[in-house]
Amino acid sequence: MTNPIFAAIAPPLRVLMGPGPSDVHPRVLEAFARPTVGHLDPYYLQVMGELQQMLRQVFRTDNPMTLAISGTGSAGMEATVVNLIEPGDRMVVGVNGVFGGRMAEVATRAGAEVTRIEKPWGEVFSAAEVAEAVEKVRPKVVGIVMAETSTGAWQPIEEISRIVHDAGALLLVDAVTSLGGVPVEVDAWQIDAIYSGTQKCLSCPPGLSPVSFGPRAMEAMQRRKHKVQSWYLDISLLASYWGEERVYHHTAPINMTYALHEALRMVLEEGLEASFARHLRNHEGLRAGLQALGIDFTAAEGNRLPMLNAVKIPDGVDDARLRKDLLNLFGIEIGAGLGVFKGKVWRIGLMGHASRTRNVLLFLAALEQLLESQGRPSVGGASIAAANAVFAQA
Ligand SMILES: *Cc1c(COP(=O)(O)O)cnc(C)c1O
């Protein structure tokens, strides 16, 4: 037995253009590296308070119960589900990709009687489809994914919210990929509970999950007959730490909180509307370039997410080899297809700090070269020219 001393961490510099994590801004990494203080240190409590205020701005809500769960986006999914659901409660979940499926699984484990409504991958739910399910099931909660990162489909929320509330149910929204990249209007759309993640459009490492609960959700939580099944994720306990009392619950991930604080400062410095416009412009540039290469999207026009471009791999292209070459020769990571899209789809992320014109152009140049190296006919730089034409207009 040997006990080797390993080399210090020295990760390669990547361009993270997959489904997350996305590129982290250096300012965020610098914030992360600041000295750790205690989780009840007056400085840390101040940072927590500022973080909550900034989260409310980004979620566009006045909800007092807005905080960051310790854990990645899936922890936010668990937290919202287990706090709203008691064993035997009925819940409708929209499943049109991996993450709707995950929410249904989490709800089932929490003891909900889950009704899955399904759509083919790449499609979204119409308000009428949700209305039909809600009328039939009469659920306590309806869960829906706004930005389905496995398919690139953009689910509209506002009309569904009205339908859910007319039926007396609560609306739970997955905004892991949408927050910071497209408008998310918690108060205007009357979303009752919502969760997100740090490593998609907020340009922060993975590790925290922003959540917010509205007044109807708070009431439902106060009326619970059973304790929340998860001690760690029980909002009533977390509220005593995030609220005035500052009661120890678990040790907060101090440095992740610094990182998210800086990431949110950057989002608000740029401005939410400017950030949405940037995500859209870079998506349009990428789309024009891909079109010049004959590459098509999986989601229908009008339902495509700007920050997650799921596209069909051209016939005859070796998926694994192309992604490996992209990584090894150009340092670019893109995402493979999941589930039914495995081997058929690439997921090109333009999230947060990764949503930059230079990344679009670098990616298109690399893709053109690699497609040619796999025997596809040359397009002579047409993808870059097409993207540049879009950027010139902007
Ligand atoms: C990434 C993602 C999640 C899960 O988040 P993790 O940080 O991987 O736990 C959930 N929902 C959607 C839509 C996502 O894109």
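In listed order, ligands and their atoms are each counted from 1. Excluded from the calculations below are hydrogen atoms, water molecules and symmetry mates; all remaining heavy atoms, backbone and side chain alike, are included.
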Polar atom proximity, Q199 to ligand 1 (N or O, under 3.5 Å): yes

Contact (N/O only, under 3.5 Å) between Y195 and ligand 1: no

Distance-only polar pair, side chains of D234 and H249, donor-acceptor under 3.5 Å: no

For atom 10 (C) of ligand 1, closest protein heavy-atom neighbour: F99 CD2, 3.3 Å

Member of R224, K140, R223 meeting the salt bridge (Lys or Arg N to Asp or Glu O under 4.0 Å) criterion with D89: K140

Donor + acceptor pair across side chains of T298, T151 (<3.5 Å): no

E148, portion touching ligand 1 at heavy-atom distance under 4.0 Å: neither

Plane angle bin for H250 and Y232 - parallel if under 30°, tilted between 30 and 60°, otherwise perpendicular: tilted

Straight-line distance of N303 CG to E123 CD, nearest 0.5 Å: 9.0 Å

Modelled atom types, side-chain donor and acceptor of N282 and T357, under 3.5 Å: yes

Step-by-step side-chain hydrogen bond (donor to acceptor under 3.5 Å, both in side chains) determination, E372 to S378: CA-CA 6 Å; E372 255 185 74; S378 168; 3.2 Å; yes

The one among G349, A175, G73 that brings a heavy atom closest to atom 5 (O) of ligand 1: G73

Aromatic ring pairing Y241/H39, orientation class (parallel under 30°, perpendicular over 60°, tilted between): perpendicular

Closest protein heavy atom to atom 11 (N) of ligand 1, given as residue, atom name and distance to 0.1 Å: D174 OD2, 2.7 Å

Short N or O distance, A147 and ligand 1, threshold 3.5 Å exclusive: no

Shortest reach to atom 14 (C) of ligand 1 by a heavy atom, considering only M307, K200, R102: K200

Contact check, M146 vs ligand 1, heavy-atom distance below 4.0 Å: no

Atoms of ligand 1, numbered as shown, that sit under 4.0 Å from any heavy atom of T149: 12 (C), 13 (C), 14 (C), 15 (O)

Proximal atoms of ligand 1 relative to T72 (non-hydrogen, under 4.0 Å): 6 (P), 7 (O), 9 (O)

Element-labelled atoms of ligand 1 that are located less than 4.0 Å from some non-hydrogen atom of T177: 15 (O)

Distance-minimising heavy-atom pair for L67 and Q52: CB-NE2, 4.3 Å

Subset of ligand 1 atoms that lie under 4.0 Å from at least one heavy atom of S74: 4 (C), 5 (O), 6 (P), 9 (O)

